[in-house]
Novice: 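Let me give you the structure first, and then I'll get to my questions.
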Amino acid sequence: MEQAAKKPRVTASGLKKIARLYQYAKPHRWLFALGMLMLFLSSSATLLFPKLLGNLVDAGQKGNIMEHINTTGAMLVGVLVAQAILSFFRINIFVTVTEKSLASLRQATYSHLIRLPMKFFAERRVGELNSRISADIAQLQDTFTTTLAEFIRQIIMIVGGIVLLGITSWKLTLFMLAIIPVISIVAVIFGKSIRRFSKEAQAQVADSNTIVEETLQGIFNVKAFANELFEIGRYKKKTDDVAKTGIRVGKYQGVFTSFIILGLFGAMVAVIWRGAILMANHELETGQLFSFVIYTGFIGGSISGLAEIYSRIQKSIGATENLLEILDEPVEILSLTADVRQPITGALSFDEVSFRYPSRKDISVLNDVTFDVQAGWQVALVGPSGAGKSTVVSLLLRFYDPVSGSISFDGKPASSFDLTDLRRQMAVVPQDVFLFGGTIRENIAYGDTNAPEGSIIAAARQANAWDFIQAFPEGLDTVVGERGVQLSGGQRQRIAIARAVLKDPRILILDEATSALDSESERLVQDALEKLMKGRTSIVIAHRLSTIRNSDLILVLDKGRIVEGGTHEELMMKEEGLYKGLGELQFLG
Ligand code: ATP
């Protein structure tokens, strides 16, 4: 809705923004220039057409010898053929340039988008970002292929037409010029209100699409809460709004079109009327009036066409602004190379780290969190819900930077490491395992996209996943279904573990699943995790005593502070404490 409120104007700065996108067309500029040349030639040929037609009429009327009639006729055919050929190549060239430029624009936008920091994604909806890459770029496609060519052709038509008319009869030209600009000004005013509504309609369509996307993605919740009726209502309201706005746009468009028809034909009648008077005074010949009328039609059409082009350019500026908004967001500094250049051992420390989420600056999520972890340690984070455990992990992965205090790896500040390097040496096995819609193989190989089949199988074995994978008829090539719905919870987890095994991280981050698996599945997952944790630092957001008992360090978080820290025995020995309480209640109880 916010989008509909701001109407982009076709201003110098708006055009400059479009020009910025032209960098994606730059590699094809010579081809583009060739297309422009053809456009220029074919428009000029169109311009010749009425003149030659007029000559033909005059040649016939004056009873000229047949030869003259035939030459003019042949010239006309020549012009037509030339125009047909030029148009064919022109369209092909423009489409080629556009498609290639849009592909690079799409690639640039996506590669920018995916490198934006987590903070950006926390504040936007997926559907909205999706439409940036699809709808806004489609809008630009229209501009590059047709709008630009139309614009240039119409300018040539108007200027060339007026010049040629002036040569034929300046009196009639002045008369015509007194009428046409009036029509065009009214047309522009009309065009403006139409544009405002169509922008509004675009935003409403995007809103309604977001509902479809979100509910389909979260179909589980919609069904489980039996909220189908609610969602249908929500969608109905949005789409009804879209229709209302669309109908309003249609009404304006209807009036606009009627006006153009009236204006155009009215002008035509006036010009012929005036031309007939001039002919009666022998100031004009029949053929000249004939070509005059056709030129006037061309000019009138071109001027009203310009209004349409103006609106399309305006839409493109809107789309460009949306795209540039993404392209101007600062990206994370990622070194998109394959090798790890700064290896870490897995020792890490938090030093008086405090943190607030950028989207909720008034709430302090972590306060003076300090702890040291030696390489190879197993660390458990425990504490009530909302205590800040996941936030500690997000900071470790450098999704966000602390507001104050510092995090270091191997004694060196986290900021001195390359972001890609750090994340390459960490692996996360999350609570809600996210699988991509492809095959089991692709999902495991996400941990190391270059891994050979042998390593993938070895990883699957170590994750206790090989047995069930093998039992599928298609083995590793079994399709897991959208988000892995065709696998059980325990199977998904073991695939996520295999993925982490393949990555062979120095630091393993484990968000223990709270949902209970059956005991056999549980044992397999637990066993796989224990194998995975061996020989590396692991940070476990723990919900089960079995995982915690052997930890080298247990950190108890409460309301963003570390309230207790130590081994299980140390913490249990305390007279009273959160851990002991939690332990008795949750783990032992
Ligand atoms: P749980 O055990 O329930 O997962 P947790 O200990 O992991 O909880 P966090 O997820 O770290 O807790 O959340 C700590 C606090 O930060 C919560 O109050 C939460 O509302 C807030 N929070 C989490 N993510 C964000 C975010 N992206 N933007 C703003 N606030 C957030």
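Atoms within each ligand, like the ligands themselves, are counted from 1 in listed order.
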Novice: Closest approach of E352 and T370, non-hydrogen atoms and distance?
Specialist: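 Smallest heavy-atom distance, with atoms named: N-OG1, 2.9 Å.
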Novice: Using a plain distance cutoff, I'd like to know if G386 has any nitrogen or oxygen under 3.5 Å from a nitrogen or oxygen of ligand 1.
Specialist: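 Between G386 and ligand 1 (N or O atoms, distance only) the closest approach is under 3.5 Å.
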Novice: Any heavy-atom pair between the side chains of F120 and R115 that's under 4.5 Å?
Specialist: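 They are not in contact (no side-chain heavy atoms under 4.5 Å apart), so the answer is no.
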Novice: N/O to N/O below 3.5 Å, does that happen between G388 and ligand 1?
Specialist: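 N/O-N/O distance below 3.5 Å exists for this pair.
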Novice: Considering only the protein, which heavy-atom contact is closest to atom 2 (O) of ligand 1, and what is its distance?
Specialist: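 Here the nearest protein heavy atom works out to K389 NZ, 2.8 Å.
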Novice: Of all the non-hydrogen atoms in the protein, which one sits nearest to atom 20 (O) of ligand 1, and at what distance?
Specialist: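 Checking every protein heavy atom, the shortest distance to atom 20 (O) of ligand 1 gives R360 NH1, 3.3 Å.
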Novice: I need the contact type for T391 against ligand 1. Using non-hydrogen atoms and a strict under-4.0 Å cut-off, is it side chain, backbone, both or neither?
Specialist: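 Both backbone and side chain of T391 come within 4.0 Å of ligand 1.
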Novice: If the threshold is 4.0 Å, N to carboxylate O, is there a salt bridge linking D401 and R398?
Specialist: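 A salt bridge links D401 with R398.
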Novice: Within the 4.0 Å heavy-atom shell around S359, which atoms of ligand 1 are there?
Specialist: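 Answer, ordered by atom number: 28 (N), 29 (C).
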Novice: What residue and atom, counting heavy atoms only, is the protein's closest point to atom 23 (C) of ligand 1, and at what distance?
Specialist: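 For this ligand atom, the closest protein heavy atom is Y357 CE1, 3.4 Å.
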Novice: So which atom in L366 and which in S364 form the shortest heavy-atom distance, rounded to 0.1 Å?
Specialist: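 In terms of heavy atoms, the two residues are closest at O-OG, 3.4 Å.
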Novice: Strictly below 4.0 Å, N to O, side chains only: are D504 and R536 in salt-bridge contact?
Specialist: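 So D504 pairs with R536 through a salt bridge.
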Novice: Quick one: sort the F436 and Y446 rings into parallel, tilted or perpendicular, breaks at 30° and 60°.
Specialist: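 Geometry flag for Y446 against F436: tilted rings.
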Novice: Quick one: nearest non-hydrogen protein atom to atom 15 (C) of ligand 1, plus distance?
Specialist: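 Ranked first by proximity to atom 15 (C) of ligand 1 is V365 CG1, 3.6 Å.
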Novice: Taking the inter-plane angle between the rings of F417 and F409 on a 0 to 90° scale, is it parallel (under 30°), tilted (30 to 60°) or perpendicular (over 60°)?
Specialist: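 Taking F409 first and then F417, their aromatic rings stand perpendicular (interplane angle over 60°).
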Novice: Using a strict threshold of under 4.0 Å (side-chain N to carboxylate O), is an ion pair present between E214 and K238?
Specialist: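 Judged by the 4.0 Å cut-off on N to carboxylate O distance, K238 and E214 do not form a salt bridge.
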Novice: Suppose we measure from atom 3 (O) of ligand 1 to each protein heavy atom; which comes out shortest, and what is that distance?
Specialist: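 Here the nearest protein heavy atom works out to S385 OG, 2.7 Å.
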Novice: Give me the nearest non-hydrogen protein atom to atom 7 (O) of ligand 1 as residue plus atom name, then the distance to 0.1 Å.
Specialist: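 Here the nearest protein heavy atom works out to S390 OG, 2.6 Å.
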Novice: Could a heavy atom of A387 be found less than 4.0 Å from some atom of ligand 1?
Specialist: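 It does, in that a heavy atom of A387 comes within the 4.0 Å cut-off of ligand 1.
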